[in-house]
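Here the structure is laid out as structure tokens; the discussion comes afterwards.
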Amino acid sequence: GEVRGAQLKTASSSCRAFWAKTPRLDQLAGVFPATLPPYLLGDVGEQNAALLYQDSQYSMVCFLSSPSSVIGVGTAGTSRTPSAAHPVTLSSPALYTDVNAKFQLVTGQALGGVTSIKLTLSDGTVVHPALGHGYFIAWWPGMASVVSSTFHDDGSVQHSGGAPSSPFQHPSSPFQH
């Protein structure tokens, strides 16, 4: 809706402003772009939002505790290229911590026929990622892991495994508040 669109717009300018004023060490210049790549898609909740920025060279995520308050910006996790055998692929979740809570953020890729995705977490919570342009992004509070994903692919419902588990270390921790 319009509210969500307005929230995303505000969130995106907050992310760009945050990234513009983030000091970067010269040796990281090749790892991180000077400005965020084009906005691809975002997932807005009651308060929090997760946005994905991408071009051919960089894939970056921004996590916010409100449309105007950025918690952190970093490189998006890498997911395998989807295939007929694996139409939906997930990255390992990244951990973001604000003063009140811990959140996890996962990105992934999906083949063109995939119309919706549902992630089931280890605590039973079901998360519905934002999906578009062959990519998706999702976030949730707490430390639960993704145990399975269900997706609609050309009308049929399919299941696949959970997210790759990895130590929760966010590659851009120097850029968090």
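When a residue number appears, it is its place in the shown sequence, counting from 1. In this text, all values refer to a predicted model and were calculated from it rather than measured experimentally.
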For [X] versus [Y], what's the shortest heavy-atom pair and its separation?
X: Gly42; Y: Leu8; answer: CA-CD2, 3.9 Å
X: Thr89; Y: Pro82; answer: CG2-CA, 3.9 Å
X: Ser14; Y: Ser68; answer: OG-CA, 3.3 Å
X: Ala76; Y: Leu52; answer: CB-CD1, 4.0 Å
X: Val114; Y: Asp153; answer: N-OD1, 3.9 Å

Got a second to check how far [X]'s [atom1] is from [Y]'s [atom2], nearest 0.5 Å?
X: Met60; Y: Leu51; atom1: CE; atom2: CG; result: 12.5 Å
X: His86; Y: Leu111; atom1: NE2; atom2: CG; result: 11.0 Å
X: Ser148; Y: Lys118; atom1: OG; atom2: NZ; result: 9.0 Å
X: Ile71; Y: Leu64; atom1: CD1; atom2: CG; result: 7.5 Å
X: Ser65; Y: Asp98; atom1: OG; atom2: CG; result: 5.5 Å
X: Trp140; Y: Lys102; atom1: CH2; atom2: NZ; result: 15.5 Å

Side-chain ([X]) to main-chain ([Y]) donor-acceptor, under 3.5 angstrom:
X: Ser122; Y: Ser145; result: yes
X: Ser13; Y: Lys9; result: yes
X: Gln104; Y: Pro141; result: no

Between the side chains of [X] and [Y], does any donor sit under 3.5 Å from an acceptor?
X: Ser91; Y: Thr107; value: yes
X: Ser12; Y: Tyr53; value: yes
X: Gln109; Y: Ser79; value: yes

(request) Kindly determine whether Ile117 and Thr150 satisfy side chain to side chain contact (heavy atoms under 4.5 Å, CB included), including the steps that lead there. (result) CA-CA 6 Å; Ile117 302 173; Thr150 312; over 6 Å; no
(request) Would you please name every residue forming a side chain to side chain donor-acceptor pair (under 3.5 Å) with Gln7, sequence neighbours left out? (result)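 For Gln7 there are no side chain to side chain donor-acceptor pair (under 3.5 Å) partners, ignoring immediate neighbours.
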(request) Check the pair Phe18 / Val73 against side chain to side chain contact (heavy atoms under 4.5 Å, CB included), numbers first and verdict last. (result) CA-CA 8 Å; Phe18 175 89; Val73 174; 3.4 Å; yes
Quick one: are [X] and [Y] in side-chain contact, heavy atoms under 4.5 Å?
X: Pro129; Y: Asp43; value: no
X: Pro87; Y: Phe151; value: yes
X: Tyr58; Y: Thr75; value: no
X: Val126; Y: Leu121; value: no

(request) Run the numbers on Leu36 and Cys15 for side chain to side chain contact (heavy atoms under 4.5 Å, CB included), then give the verdict. (result) CA-CA 8 Å; Leu36 289 176; Cys15 290; 4.0 Å; yes
(request) Verify whether the ring centers belonging to Phe103 and Tyr96 lie closer than 6.0 Å. (result) no
(request) Evaluate side chain to side chain contact (heavy atoms under 4.5 Å, CB included) for Leu105 paired with Ile137, printing each intermediate quantity in order. (result) CA-CA 7 Å; Leu105 185 154; Ile137 187 167; 4.3 Å; yes
(message) Show every side-chain hydrogen bond (donor to acceptor under 3.5 Å, both in side chains) that has at least one partner inside residues 129-139, sequence neighbours left out.
(response)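 Sorted result for residues 129-139: Gln54-Tyr135.
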